[in-house]
Peer 1: 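I'd like to ask you about the structure that follows.
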Amino acid sequence: MLGLDIDPILIIYISEALPDAAKNAVAGIPVIDDLFGAGFPMPIYLSEELTGIVVDADTKGVDMDLDVTATADAGKPLVKQNATDSTNTINLQCNKESIFLPVFIALSDQIFERAVAGLYSVSYLNGATTIFNALVKSITVSNDNTSDKSSIAITLSKANQRETTNSAGPTELQRTRGPL
Amino acid sequence: MLYDWYVIFNLAAFQALGLVSRKYTYNLEGVGTETFLVCQGEGVSVLFRDVFLPVNFEDYNPYTRGDYAIRLNDDGFVEVGIKVPE
């Protein structure tokens, strides 16, 4: 509709992905040194012609946590609500012969190793749906034995772009030591 | 026999809310984070570490049970006590 004839793209950014030997080889070279030190972005075009991976559907979801406490006189209850997560689930279909399928699985393993340290990020651009620097909540790759298709489901979370609420934690209570 | 006392909530303020129950989570000095479940029934009671501590139970103030105690202080605040090991 907007005349943007651009394939959807998934960019997986891996920080410090290179071994030390490779880093040492480029150490001291202007620009290149900085780029290698920062890691590298790995774009995957979700195009049937280019990579054999296509977007089947993408879904946006917002999770809320609701805590309702009733009152004894059936009055207005006490309601507390927290935003839990904002996610985008992307369902991809791909041909088993696609060379990008093993690449994709390898990158998901790289993400798994760096999940705790947070040394990765994923961006996704598909028309109106654009997500930058998201966290991976889950990646599932399913092979269908009855056809030549594989399906990939990725859930991206934007939780890292939100500030935590009530970060101060519970109130400190001072003790008073004494007898009964 | 010594207890470490912590002021948990104001009894009148809790009763004014008309709530059946409410959780209070605090970081207790020397203990760490603990949750108190306050329940309104015939009277007001506090469930702390699986021990049920009724406020002013049978006119016992403080009321003790095991290593824990509960009392209503002169300012109307409910305090929970944890026995100090001797």
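Scope of the values below: all heavy atoms of this structure, side chains included, with no hydrogens, waters or symmetry mates. Chain naming here is simple, since letters A, B, ... match the order of the sequence lines and numbering starts at 1 in each.
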Peer 1: Need one label for B:Val31: side chain, backbone, both or neither, based on atoms under 4.5 Å from any heavy atom in chain A.
Peer 2: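 For B:Val31, no heavy atom lies under 4.5 Å from chain A.
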Peer 1: May I ask whether B:Phe14 and B:Phe52 are part of the same hydrophobic cluster, defined by side-chain heavy atoms of I, L, V, M, F, W, Y residues being less than 4.5 angstrom apart, directly or through others?
Peer 2: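 Looking at the clustering, B:Phe52 is in a separate group from B:Phe14.
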Peer 1: Given that the side chain runs from C-beta out, which part of B:Ile82 has a heavy atom under 4.5 Å from chain A: side chain, backbone, both or neither?
Peer 2: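 For B:Ile82, no heavy atom lies under 4.5 Å from chain A.
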Peer 1: If I take atom CZ from residue B:Arg22 and atom NZ from residue A:Lys80, how far apart are they, to the nearest 0.5 angstrom?
Peer 2: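 Reported to 0.5 Å precision, the distance equals 7.0 Å.
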Peer 1: For the CG atom of A:Leu173 and the OH atom of B:Tyr24, what is their distance to the nearest 0.5 Å?
Peer 2: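 Output value for this atom pair is 11.5 Å.
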Peer 1: Verify the neighbour count for atom CD1 of A:Ile99: are there more than 12 heavy atoms of other residues, nucleotides or ligands below 6.0 Å?
Peer 2: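 No - once you tally the heavy atoms of other residues, nucleotides and ligands closer than 6.0 Å, there are 12 at most.
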Peer 1: So if you build clusters from Ile, Leu, Val, Met, Phe, Trp, Tyr with side-chain heavy-atom gaps below 4.5 Å, do A:Tyr45 and A:Leu125 land together?
Peer 2: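 They do share one cluster, since a chain of ILVMFWY contacts under 4.5 Å joins A:Tyr45 to A:Leu125.
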Peer 1: With a cut-off of 6.0 Å (strictly less than), are more than 12 heavy atoms of other residues, nucleotides or ligands near NZ of A:Lys149?
Peer 2: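 Enclosed: over 12 neighbouring heavy atoms sit under 6.0 Å from NZ of A:Lys149.
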Peer 1: At a 4.5 Å cut-off on heavy atoms, which part of B:Thr25 comes close to chain A: side chain, backbone, both, or neither?
Peer 2: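 Both backbone and side chain.
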Peer 1: How far apart are the C-alpha atoms of B:Thr64 and A:Leu180, what are their side-chain angles, what is the distance that settles it, and do they pass the side-chain contact (heavy atoms from CB on, under 4.5 Å) test?
Peer 2: CA-CA 9 Å; B:Thr64 60; A:Leu180 282 174; 3.4 Å; yes
Peer 1: Any chain of hydrophobic side-chain contacts (each under 4.5 Å) joining B:Tyr3 to B:Leu72?
Peer 2: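 Different clusters.
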Peer 1: Report the distance from atom CD of B:Glu79 to atom OG1 of A:Thr176, rounding to the nearest 0.5 Å.
Peer 2: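 Spacing of CD (B:Glu79) from OG1 (A:Thr176) equals 6.5 Å.
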Peer 1: B:Val84 versus chain A, heavy atoms under 4.5 Å apart: side chain, backbone, both or neither?
Peer 2: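 The answer is the side chain of B:Val84.
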Peer 1: Roughly how far apart are A:Gln174 CD and B:Tyr26 OH, rounded to 0.5 Å?
Peer 2: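 It is 13.0 Å, given to the nearest 0.5 Å.
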Peer 1: Tell me whether A:Ile9 shares a hydrophobic cluster with A:Phe132, the cluster being built from Ile, Leu, Val, Met, Phe, Trp, Tyr side chains joined at under 4.5 Å.
Peer 2: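 A:Ile9 and A:Phe132: one cluster.
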Peer 1: With hydrophobic residues grouped by side-chain heavy-atom distances under 4.5 Å, do B:Leu37 and B:Val55 end up in a single group?
Peer 2: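 Hydrophobic grouping puts B:Leu37 apart from B:Val55.
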